[in-house]
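Bear in mind the structure is a predicted one, so any value in this text is a computation, not a measurement. Lettering follows sequence order; numbering is per chain, from 1. Below, all heavy atoms of this structure are taken into account, side chains as well, without hydrogens, waters or symmetry copies.
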Protein chains: 2
Amino acid sequence: MAMTTTIVAWESRNQQGGGGGGHGGGGERREHMFEKVVTPSDVGKLNRLVVPKHHAEKYFPLGPAARSSPAGTVLCFEDARGGDSTWRFRYSYWSSSQSYVITKGWSRFVRDKRLAAGDTVSFCRAGARLFIDCRRRAAAVSPSSPSGALIKVQLPVVDEKEASCGRRCLRLFGVDLQLRADAPPALDLQL
Amino acid sequence: MAMTTTIVAWESRNQQGGGGGGHGGGGERREHMFEKVVTPSDVGKLNRLVVPKHHAEKYFPLGPAARSSPAGTVLCFEDARGGDSTWRFRYSYWSSSQSYVITKGWSRFVRDKRLAAGDTVSFCRAGARLFIDCRRRAAAVSPSSPSGALIKVQLPVVDEKEASCGRRCLRLFGVDLQLRADAPPALDLQL
DNA sequence: TTTCCCACCTGCTAA
DNA sequence: TTTAGCAGGTGGGAA
């Protein structure tokens, strides 16, 4: 499954959230670091977020020790929209793929935020405080959506007699089935 | 893949293997400890056997030191059917999953014994001597096989007209299907 | 390179 | 309903 990973980053020092937004304080300006449009893998069973290398090395640098250690380090983020939730992620470097990843803790974030492929997760900071936020992708979920590959399966005819009366047969998991007369002529399997 | 793990344990002091079976001696009675029906993971690429916690703590207790140490300890088993083979396994506790595992040496046992998922591995002892044995799963892959949980699914009638002509309908993965007239009245799903 | 081993991690599920 | 157990995984590294 191929999905383009889009990264958008600002170097601006724009204050986020307008005015005194967010939860009380610190007073320091909130600076956008970067965003990532998450891939299916980022929200899937791999339970990890790949942090693009140039952003990782700029904003979340690992010392030589942490870079070598599988344990990496722990990054704590506050919820950018306020609330009490904080998110603790293990952050480390995978030398095998030469990539920076957020692992432990990430799957909980995905679940709690109902994060889906195509959504955007954004990171910002105010001094030493780190914030994480996310937003939904633009709504449209059409059959031509790029988020899931579609395979059209023509249903095989396995029984001449039945076929002659217009019924399509299908052997599924060892069970012989017939499609209803008004069933579509093919199955669309979404991966 | 869901596979039922069946554990059978005896506390009896029955001598195993009948008479003076096994290889010469010791004289001590051979006591069954426990058995495990191995899972696909136990005989697969993970190269480890998960020892169910209650059996592990009863028969192969690890001292605090060995429990904390990643090195664990070494368990040596003799072949319960005699022969010269002895099996040295590393046995340790994985704190992350809170489980007891046999790791190093296990894959060799799996290979040499041609152990497959569903087979049973059994452990017994005679005094301080430990024995390991295994046996094939019951050959039959019949619907009543105990090696996989069976769920009998009565097919729902969803369409009166179709039902009246003797056809059973089933909605599967969002697709309306009809069973062939000669299909069984229920599905046995083997897990 | 490939295989095995190691120390982790997590979702599912039965109790 | 919550939770402990474990089956099924990961990347890293040693051999």
Side-chain angles (χ1 to χ4, degrees), chain A residues 41-51 53 56 62 64-75 87-112 114-115, chain B residues 1-7 9 34-60 62 66-75 87-112 115-121 147-151 189 191:
Chain A
S41 291
D42 288 331
V43 297
K45 286 173 292 189
L46 299 182
N47 299 308
R48 61 100 182 100
L49 172 75
V50 171
V51 181
K53 180 174 272 190
L62 286 173
R67 199 178 198 270
S68 304
S69 162
T73 186
V74 173
L75 295 180
W87 304 95
R88 289 172 53 85
F89 299 128
R90 168 178 285 193
Y91 170 68
S92 58
Y93 181 72
W94 283 353
S95 56
S96 62
S97 55
Q98 303 198 328
S99 56
Y100 294 87
V101 286
I102 282 172
T103 55
K104 187 176 182 180
W106 177 246
S107 63
R108 176 186 298 267
F109 183 82
V110 170
R111 193 185 328 116
D112 288 9
R114 308 269 198 272
L115 205 62
Chain B
M1 186 187 311
M3 170 151 248
T4 306
T5 298
T6 307
I7 302 292
F34 64 93
E35 301 187 339
K36 179 179 184 182
V37 177
V38 296
T39 68
S41 291
D42 287 332
V43 298
K45 286 173 289 189
L46 300 183
N47 298 308
R48 61 98 180 102
L49 172 75
V50 171
V51 182
K53 179 174 270 190
H54 57 294
H55 293 132
E57 293 182 340
K58 178 165 193 175
Y59 295 107
F60 305 139
L62 287 173
R67 198 179 198 271
S68 302
S69 162
T73 185
V74 173
L75 294 180
W87 304 95
R88 290 171 52 85
F89 300 128
R90 176 172 175 181
Y91 170 67
S92 59
Y93 181 71
W94 284 352
S95 56
S96 61
S97 55
Q98 304 194 328
S99 55
Y100 294 87
V101 287
I102 282 173
T103 55
K104 188 176 181 180
W106 177 247
S107 62
R108 176 187 298 266
F109 182 83
V110 170
R111 194 184 327 115
D112 288 9
L115 206 62
D119 293 349
T120 297
V121 58
S147 60
L150 282 176
I151 295 180
L189 302 181
L191 302 181

Report task. Please name all residues satisfying side chain to side chain contact (heavy atoms under 4.5 Å, CB included) with Val50(B), sequence neighbours left out, ordered by chain then number. Result -> Lys36(B), Asp42(B), Arg48(B), Val101(B)

Query - For atom CG of Leu49(B) and atom C1' of dG8(D), their distance in whole Å - result: 14 Å

Query raised in the report: Rounded to the nearest 0.5 Å, how far apart are NE2 of His55(B) and CD of Glu35(B)?
Result: 9.5 Å

Report task. Scan Tyr93(A) against the nucleic acid and name what it touches under 4.0 Å (heavy atoms): base, sugar-phosphate only, or nothing. Result -> sugar-phosphate

Report summary line: CG of Leu46(A) to OG of Ser107(A), rounded to nearest 0.5 Å, is 11.5 Å

Query raised in the report: Of all residues at least two apart in sequence or in a different chain, which pass the side chain to side chain contact (heavy atoms under 4.5 Å, CB included) check with Lys53(B)?
Result: Glu57(B), Tyr93(B), Gln98(B), Tyr100(B)

Report summary line: Separation of dT10(D) atom C1' from Ile102(A) atom CD1, nearest Å, is 17 Å

Report task. Could you run through nucleotides 5-10 of chain C and give me one letter per nucleotide, 5' to 3': B if any protein heavy atom sits under 4.0 Å from the base, S if only the sugar-phosphate is that close, - if neither? Result -> BSBBBB

Report summary line: Here the distance between atom C1' of dA4(D) and atom CD of Glu57(B), to the nearest Å, is 12 Å

Query - Distance (rounded to the nearest 0.5 Å) between Leu115(B) CG and Trp106(B) CH2 - result: 5.5 Å

Query raised in the report: Rounded to the Å, how far apart are Lys36(B) NZ and dG5(D) C1'?
Result: 11 Å

Query raised in the report: Is the Phe89(B) ring parallel, tilted or perpendicular to the Phe109(B) ring (thresholds 30°, 60°)?
Result: perpendicular

